[in-house]
Each structure stands twice: as C-alpha cells, then as structure tokens.
Amino acid sequence: MTALAWSEALALQQPRMDQTHREFIELLQDLSNALNAGNTDLDRPLAGLLAHTEAHFAQEERWMADIGFAPENCHSMQHAQVLQVLREVRRVQGDDGNTALVRTLVDELARWFVGHAQTTDA
C-alpha cells in the first residue's frame with residue numbers, strides 16, 4: 001500500500017501551506033510503510049500524524065479567522081471530523097491492535113486529502 005506522494009498537482013503556491021502539506025503526506029507515508037513492514041505497534045506513527053494534523057489544522061484555522069471566515073464554515077467542520085477519526089482510530093488501535101482499521105484510515109485520508117487540498121484549501 002502506498003498512501004500518497006507529493007506532486008505539483010497538490011501545490012497551492014503558498015510555501016508555508018505547501019510545506020505543511022508535504023509533511024502531512026510524509027507522515028501518512030510513514031504510517032503506510034509501518035503497516036507494509038508488518039508493524040503492529042503503530043502508536044508512534046499515529047501519534048506523529050495526529051500531532052502534525054492538529055497543528056496543521058490549527059494553523060489553517062488561524063489563517064481563516066484572520067481573513068474573516070465564519071467559525072462554523074465547512075472547512076473547519078472537515079478538520080474537526082478528520083481529527084475525531086484520527087483520535088478514535090488511534091484509541092481503537094491501541095486497545096486491540098486493529099491494523100485493518102489503520103489501513104482503512106491511510107487509504108481514506110489519502111483520498112480525502114487530495115480533494116481537500118485541491119478544492120477547500122485552494
């Protein structure tokens with residue numbers, strides 16, 4: 001399984017955001033690589049992805065507030081939903097070692113991210 005790779009199709013020509021997006025993709029790929037290697041202790045890569053995503057989304061939320069986006073916008077709701085799913089998958093995986101759930105997370109996050117970056121973030 002290959003989660004996602006950076007490409008210029010994902011670039012928004014906003015250096016800080018593009019760098020943050022590259023980092024997100026790298027962390028998602030690290031998690032995918034851990035799964036492919038048969039690792040069952042996925043807390044470290046999941047925790048890293050979650051911490052980065054929390055900071056990533058908080059940064060975007062600050063930018064949106066600075067330009068007058070309403071706090072209840074759909075962009076913010078997507079962020080909240082993704083964070084909720086990441087936290088829940090990490091909890092469940094830690095409780096019972098459910099690697100299949102983490103594989104689904106990697107696949108779905110990769111699909112979601114492409115659309116989110118190319119439309120909502122753009």
Side-chain angles (χ1 to χ4, degrees):
M1 159 189 7
T2 299
L4 181 61
W6 177 259
S7 75
E8 285 306 307
L10 295 171
L12 300 176
Q13 309 313 315
Q14 298 293 325
R16 285 183 63 199
M17 184 175 281
D18 286 343
Q19 180 58 38
T20 300
H21 285 175
R22 277 188 200 94
E23 292 164 0
F24 175 86
I25 290 169
E26 288 170 10
L27 290 164
L28 191 61
Q29 188 61 50
D30 289 347
L31 182 54
S32 179
N33 291 342
L35 284 162
N36 290 339
N39 295 348
T40 57
D41 183 5
L42 300 172
D43 190 58
R44 192 168 141 248
L46 274 169
L49 179 62
L50 175 58
H52 180 275
T53 304
E54 287 170 335
H56 168 181
F57 289 173
Q59 176 180 292
E60 286 187 21
E61 300 287 329
R62 287 189 300 274
W63 289 339
M64 287 187 292
D66 288 349
I67 61 172
F69 265 57
E72 313 79 35
N73 67 74
C74 65
H75 195 152
S76 296
M77 286 188 278
Q78 283 187 29
H79 288 171
Q81 291 170 334
V82 167
L83 288 173
Q84 180 181 357
V85 168
L86 270 167
R87 290 178 184 127
E88 184 64 11
V89 167
R90 183 175 178 218
R91 184 192 66 74
V92 169
Q93 201 282 327
D95 288 350
D96 67 13
N98 189 335
T99 58
L101 182 60
V102 179
R103 285 183 190 281
T104 299
L105 173 76
V106 168
D107 292 343
E108 294 302 322
L109 267 180
R111 276 194 271 290
W112 169 81
F113 180 77
V114 170
H116 184 79
Q118 291 177 332
T119 59
T120 310
D121 282 348

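Small disclaimer: the values here were computed from a predicted structure and weren't measured.
- Within the 4.5 Å cutoff, the side chain of Leu49 has heavy atoms near those of the Phe24 side chain.
- The two residues Met64 and Ser76 come nearest to each other via the heavy atoms CE-OG, 3.5 Å.
- Here CG of Leu31 is found 5.0 Å from CG of Leu46. Values are rounded to the nearest 0.5 Å.
- Rounded to the nearest 0.5 Å, atoms CD1 (Ile25) and CZ (Phe113) are 4.5 Å apart.
- In terms of modelled atom types and a separation under 3.5 Å, the side chain of Asn73 and the main chain of Ala70 share a donor-acceptor contact.
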Residue pair Met17, Trp63: steps toward the side-chain contact (heavy atoms from CB on, under 4.5 Å) verdict: CA-CA 11 Å; Met17 184 175 281; Trp63 289 339; 3.5 Å; yes
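- The side-chain hydrogen bond (donor to acceptor under 3.5 Å, both in side chains) search around Asp43 returns Arg90, not counting sequence neighbours.
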side-chain contact (heavy atoms from CB on, under 4.5 Å) evaluation trace for Leu86 with Leu109: CA-CA 9 Å; Leu86 270 167; Leu109 267 180; 4.0 Å; yes
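- Contact between Leu27 and Gly48 at its shortest, heavy atoms only, is CD1-O, 3.8 Å.
- Remark: Glu23 CD to Trp6 CH2 distance equals 10.5 Å, nearest 0.5 Å.
- Within the 4.5 Å cutoff, no side-chain heavy atoms of Trp112 are placed close to those of Gln81.
- The backbone N or O of Leu101 lies less than 3.5 Å from a partner atom in the side chain of Asn98, making a donor-acceptor pair.
- To the nearest 0.5 Å, atom CD of residue Gln93 and atom CG of residue Leu42 are 4.5 Å apart.
- The side-chain heavy atoms of Leu50 and Leu83, taken from C-beta on, include a pair separated by under 4.5 Å.
- Residue Ala5 comes nearest to Leu10 through the heavy atom pair O-CD1, 4.0 Å, listed as atom of the first residue, atom of the second, then distance.
- The pair Asp66-Arg62 fails the salt-bridge criterion, with no side-chain N (NZ, NE, NH1 or NH2) lying under 4.0 Å from an Asp/Glu carboxylate O.
- By the ring pair (Phe, Tyr, Trp, His ring centres under 6.0 Å) test, His75 pairs with His79, His116, sequence neighbours left out.
- Between His56 and His21, the angle of the ring planes lies from 30° to 60°, which puts this pair in the tilted group.
- For the pair Arg103 and Leu35, the tightest heavy-atom approach, listed with the atom from each and the gap, is NH2-O, 3.1 Å.
- Salt bridge present: Glu54 and Arg87 bring a charged side-chain N and a carboxylate O closer than 4.0 Å.
- Ser32 places no side-chain N or O within donor-acceptor distance of the main-chain N or O of Leu28, the cut-off being under 3.5 Å.
- In this structure, OG1 in Thr20 is found 11.5 Å from CD in Gln14, a value given to the nearest 0.5 Å.
- In this structure, Val114 is a member of the same hydrophobic cluster as Val82, with clusters built from ILVMFWY side-chain heavy atoms closer than 4.5 Å.
- Judged by distance alone, the side chain of Asp18 and the main-chain N or O of Gln13 form a donor-acceptor pair under 3.5 Å.
- Residues Arg16 and Gln19 form no side-chain contact, since every pair of their non-hydrogen atoms from C-beta on lies 4.5 Å or further apart.
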